[in-house]
Amino acid sequence: MYSLRFQLLLSALIAAVGGATAFYFHPSFLLSLVILLGSVLLSYGILYFFVYRPLLRIQRVVDAQEDKLSVLRFIASSSDEFQRLSTSFNTMLESFRADIIRMKKLEGVRSEFLGNVSHELRTPLFSTQGLIETLLHGAVDDKKVNRDFLAKALNNIERLNSLLEELIDISRIESGEMKLRLRYFDIVPMLRAAVADMQTYAGQREIVLTFVGPADTPLEVFGDKERLRQVAVNLMENAIKYSEKGGTVVLSVSDAGDRAEIAVKDTGIGIAPQHLPRIFERFYRVDKDRSRDVGGSGLGLAIVKHIVEAHGSTISVKSTVGIGTTFAFTVSRTGVE
Ligand code: ADP
C-alpha cells in the first residue's frame, strides 16, 4: 500500500524531473519555475484522482460495512489514511473469517443431524419393507407367522410416527416457533392423571409406578400445562424403559416455597458417570441397541431439557449404575423469576 509520504515523494520526483527537463531544453529560470509548479500540480492531481480518490471510496464502503456489522472498530487515530484503510480491511477480514468458521460449524451440526435422522428413519422403514415382502411372498397364508409379522410392521410404523413427532417438536423448539402458553394451574391433578395414563405401559413391563404428592392441597404453578405433562410423561417412560421387571418408579411433587419440585425416581439400570453430561444431547444414547429395542430415538431428553429451560429452570440427574436414576426440576409458583 502506498503511504502519504511515498505519494509526496513521488510528486516531488515527477516535479523535479519535469523542471530539469524544461531547464535542459529552455534554460529560462521563470519558465522552468512555472513548469516545475505545473508538474507538481499535475502529478498531485494524477495521484489524487487515480490513486487517492478510489481508495477513499473503498474506505467509505469499508466504513459502511463497519456500521452494518457493528463489529469493526473505527480507527481514527492514524494520521495515515492508507494505514487506516489497511487496518480496517484487516479487521473486516477477521470478522469474515470468524463468520465463515461459525457457518462451517453450523453446516457440520446440520449434516450430522440429517445423518442421524436418516439413520433413525431407515431402520424401521427397512424392517417394515422386509416384513411386507415376506408376507407377499407367501407368509400371509402361514397362520403361524402372519399376525406376528403384521404386528411387527405396525410396531415399526408407530415408532416412525413417534420419531416424526419428536423431530417436529425439536425443530419447532430450536427454531423458536414453539411458544409456551404460561398460566397458573394446579400441578397435582395434572401429574396424577399422567401417572394414571402410564399405568398400562408400566404394567406391561411389570414395573410398579406410583405418585407421591400433597393429598388434598392444591399446588399452583405458573407454566405450560401441556408441555410440563410432556416432560413428566417422557421421564416416566424412560424410567420404565430402562428398568428391569419388578422395578419401581415414583413420580413425586413437593412444595419448595416459591417453586414446586418434581422428581422421577427409578430403581433401574442407572447411567455411568461418563455418560451423564451427554444424555441431554440430541440422539445420544448410552446403549443404542437397548434404546432401539425399547423404542427410543435419543431425542426425548433433549426435548425435556428445552422445555424445562424455557420454564426458567434446569433439569438435574443423579444416577448409580445398577441402583437407579433420579431426574428432577422445579417450576415457579409465582411466575416471578
Ligand atoms: P431414548 O429415546 O433413547 O430413551 P432419551 O433422550 O430419552 O433417548 O435418553 C437418552 C439416553 O439416556 C437413553 O438412550 C438412555 O441410555 C439414557 N437414559 C435416559 N433415562 C434413563 C433412565 N431413567 N435410566 C437409565 N438410562 C436412562
Side-chain angles (χ1 to χ4, degrees), residues 109 112-113 115-124 127 155-174 191 194-195 198 201-202 204-212 227-252 262-310 314-329:
V109 171
E112 191 192 325
F113 181 69
N116 279 326
V117 169
S118 33
H119 184 75
E120 291 305 319
L121 292 174
R122 204 183 296 136
T123 318
S127 166
N155 200 20
N156 280 331
I157 289 167
E158 279 169 357
R159 206 174 129 195
L160 277 173
N161 196 26
S162 71
L163 177 66
L164 281 179
E165 268 172 25
E166 283 183 326
L167 281 170
I168 292 168
D169 269 356
I170 210 113
S171 79
R172 284 182 62 213
I173 288 170
E174 291 185 359
L191 291 176
V195 171
M198 295 299 292
Y201 181 54
Q204 281 166 358
R205 301 189 64 90
E206 296 178 36
I207 304 289
V208 179
L209 171 65
T210 47
F211 172 74
V212 174
R227 294 290 160 206
L228 289 173
R229 184 184 187 283
Q230 186 180 358
V231 169
V233 167
N234 215 309
L235 293 177
M236 282 190 281
E237 222 170 65
N238 275 352
I240 297 166
K241 271 191 321 198
Y242 301 109
S243 289
E244 307 293 358
K245 280 180 184 170
T248 59
V249 173
V250 179
L251 184 145
S252 63
I262 297 111
V264 176
K265 187 177 163 90
D266 65 56
T267 55
I269 59 171
I271 305 164
Q274 70 270 27
H275 295 291
L276 283 177
R278 298 200 59 192
I279 53 169
F280 296 100
E281 288 173 21
R282 296 182 305 200
F283 295 112
Y284 189 83
R285 291 179 281 207
V286 175
D287 180 345
K288 278 197 172 46
D289 293 334
R290 183 176 176 129
S291 161
R292 281 212 189 92
D293 286 348
V294 288
S297 66
L299 289 172
L301 285 181
I303 295 172
V304 161
K305 182 173 184 268
H306 275 299
I307 297 175
V308 169
E309 287 179 355
T314 47
I315 179 131
S316 70
V317 53
K318 282 190 196 125
S319 190
T320 312
V321 173
I323 303 286
T325 307
T326 304
F327 285 91
F329 63 97

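This chain uses plain numbering: 1 for the first residue, then up along the sequence. First listed ligand is number 1; within each ligand, the first listed atom is number 1.
- For E309, the salt bridge (Lys or Arg N to Asp or Glu O under 4.0 Å) criterion is met by K305, not counting sequence neighbours.
- Ring orientation note: the planes of Y284 and H275 are tilted relative to one another, at an angle of 30° to 60°.
- The CZ atom of F329 lies 4.0 Å from the CD1 atom of I262; values are rounded to the nearest 0.5 Å.
- Residues forming a side chain to side chain donor-acceptor pair (under 3.5 Å) with S171 (at least two apart in sequence, or on another chain): none.
- Each of N238, A239, K241, Y242, D266, G270, I271, I279, Y284, R285, V286, S291, G296, S297, G298, L299, G300, L301, T325, F327 has a non-hydrogen atom positioned under 4.0 Å from some atom of ligand 1.
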Counting only pairs under 3.5 Å, give me each side-chain donor-acceptor contact of residues 234-251, with atom names and distances, residues two or more places apart or in other chains.
from: N238; atom 1: OD1; to: K241; atom 2: NZ; distance (Å): 3.4
from: S243; atom 1: OG; to: A239; atom 2: O; distance (Å): 2.6

Practice task
Could you walk me through whether R282 and E174 pass the side-chain contact (heavy atoms from CB on, under 4.5 Å) test, one step at a time?
Solution key: CA-CA 12 Å; R282 296 182 305 200; E174 291 185 359; 2.7 Å; yes

